[in-house]
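In this text the structure is predicted, and so the values were computed from the model without any measurement.
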Amino acid sequence: MSSPTGSDETSSSIAFFTTHPLTAPLLSDPTYNILHTTNPPFLNPLLASVARSPTAIRHTLYLYRTGTSSPLPPSSQSSPSPQQPLSSSPRLASNSGPEGHLMVHIGPGVCGQAGIAHGGFLATVMDEVCGTLIPWTGFDNGMGMFTISLKLEYKAPVYVPEEGAVILASVRVERVEGRRMFFGAVLRDANGNVCTTAEAVFVRKRGGAGL
């Protein structure tokens, strides 16, 4: 795992996620790079200023790699062993393209119903895990891309106790068609259960800010 110099907050997040059985296997993998930001917890400044608080988002960390033979976490209701790498997803295992993982330590401030993470918040996490990977693929030519489709399936609730919980969103580039990039993503709760899946499509800008 590549770990260039980052902020104290990034270092704190690394230390936190290294202790959690859901995220520790990823952090022990030397093929991943850590994305350090100057505006935690997300690259998106709106999310950084709005969602960052002791009761909502407490820690985040983004890992990525641009090519891999190791598949994404499972798309079935199963819990990973803390000692073993995350196992394969039947839907995504044949793809060895770029992938990213967004680790988030959440508190009850992200809940809609009491003790359950708001679906809109989870949708934002899924959009963010996809979009954050794009610059490292080189596909956007430095111009950026827009989300044009985000199809979600909520498989199970994400429960958030008062002491908080860890979630992990994982994404892989599935294919590219013209200016469009297609992603498959899964979001798992602290026990490794897949709670949300997503199919996202982003389009590369033609230039400036327009589609």
Return the set of residues passing salt bridge (charged side-chain N to carboxylate O under 4.0 Å, His left out) with E162 (not counting sequence neighbours), or none when no residue passes.
none
Nearest 0.5 Å, what's the CG-CD1 distance between L22 and I167?
10.0 Å
Do M103 and L63 have side-chain heavy atoms sitting under 4.5 Å apart?
yes
What heavy-atom pair brings A185 and C130 nearest, and what distance separates the two atoms?
CB-SG, 4.4 Å
Going from NZ on K205 to CG on N141, what distance comes out if it is rounded to the nearest 0.5 angstrom?
12.5 Å
L187: which of V171, V194, N193, V125 passes side chain to side chain contact (heavy atoms under 4.5 Å, CB included):
V125
Taken in chain and number order and not counting sequence neighbours, the residues that satisfy side-chain contact (heavy atoms from CB on, under 4.5 Å) with F16 are H59, H105, V166
Strictly distance-based, threshold 3.5 Å: is any side-chain N or O of T132 a donor or acceptor partner for the main-chain N or O of V129?
no
Within-4.5 Å side-chain heavy-atom neighbours: R206 and R179
yes
Rounded to the nearest 0.5 Å, what separates atom CD in E199 from atom CE in M126?
10.5 Å
Under 3.5 Å, side chain of D29 to main-chain N/O of T31, donor-acceptor pair present?
yes
I'd like to check I57 versus F121 (side-chain heavy atoms, cut-off strictly below 4.5 Å). Are they in contact?
yes
So which heavy atom on A117 is nearest to which on L122, and how close?
CB-CD2, 4.1 Å
For E153, what residues pass the salt bridge (charged side-chain N to carboxylate O under 4.0 Å, His left out) criterion, not counting sequence neighbours?
K155
Contacts table for residues 143-152: side-chain donor-acceptor under 3.5 angstrom, sequence neighbours left out:
{"from": "T147", "atom 1": "OG1", "to": "D127", "atom 2": "OD1", "distance (Å)": "2.7"}

Rounded distance [0.5 Å steps], OG1 in T137 versus CE in M181:
3.5 Å
According to a hydrophobic-cluster definition based on side-chain heavy atoms being under 4.5 Å apart (Ile, Leu, Val, Met, Phe, Trp, Tyr only), do V176 and F183 belong together?
yes
Do Y159 and Y154 sit in one hydrophobic cluster, given that two such residues count as connected whenever their side-chain heavy atoms are within less than 4.5 Å of each other, even indirectly?
no
Main chain of T60, side chain of S13: is a donor-acceptor contact present, judged purely on distance under 3.5 Å?
yes
In chain order, what residues pass the ring-ring contact (aromatic ring centres under 6.0 Å, His included) check against H20, with sequence neighbours excluded?
none
Who passes side-chain contact (heavy atoms from CB on, under 4.5 Å) against F182, sequence neighbours left out?
R175, E177, R180, V201
Can you find a pair of side-chain heavy atoms, one from L168 and one from L26, that are under 4.5 Å apart?
yes
Hey, could you give me each pair passing salt bridge (charged side-chain N to carboxylate O under 4.0 Å, His left out) that has a residue in residues 137-150? Not counting sequence neighbours.
none
Qualifying residues under ring-ring contact (aromatic ring centres under 6.0 Å, His included), relative to F139, sequence neighbours excluded
none
Measure the OG1-CD1 distance between T23 and I14 for me, rounded to the nearest 0.5 Å.
11.5 Å
Tell me, please, which residues at least two apart from T18 pass side-chain hydrogen bond (donor to acceptor under 3.5 Å, both in side chains).
none
With E99 as partner, the option from Y64, Y32, W136 fulfilling side-chain hydrogen bond (donor to acceptor under 3.5 Å, both in side chains) is Y32
Determine whether L61 and T10 make a side-chain contact, defined as any pair of heavy atoms from C-beta on separated by less than 4.5 Å.
yes
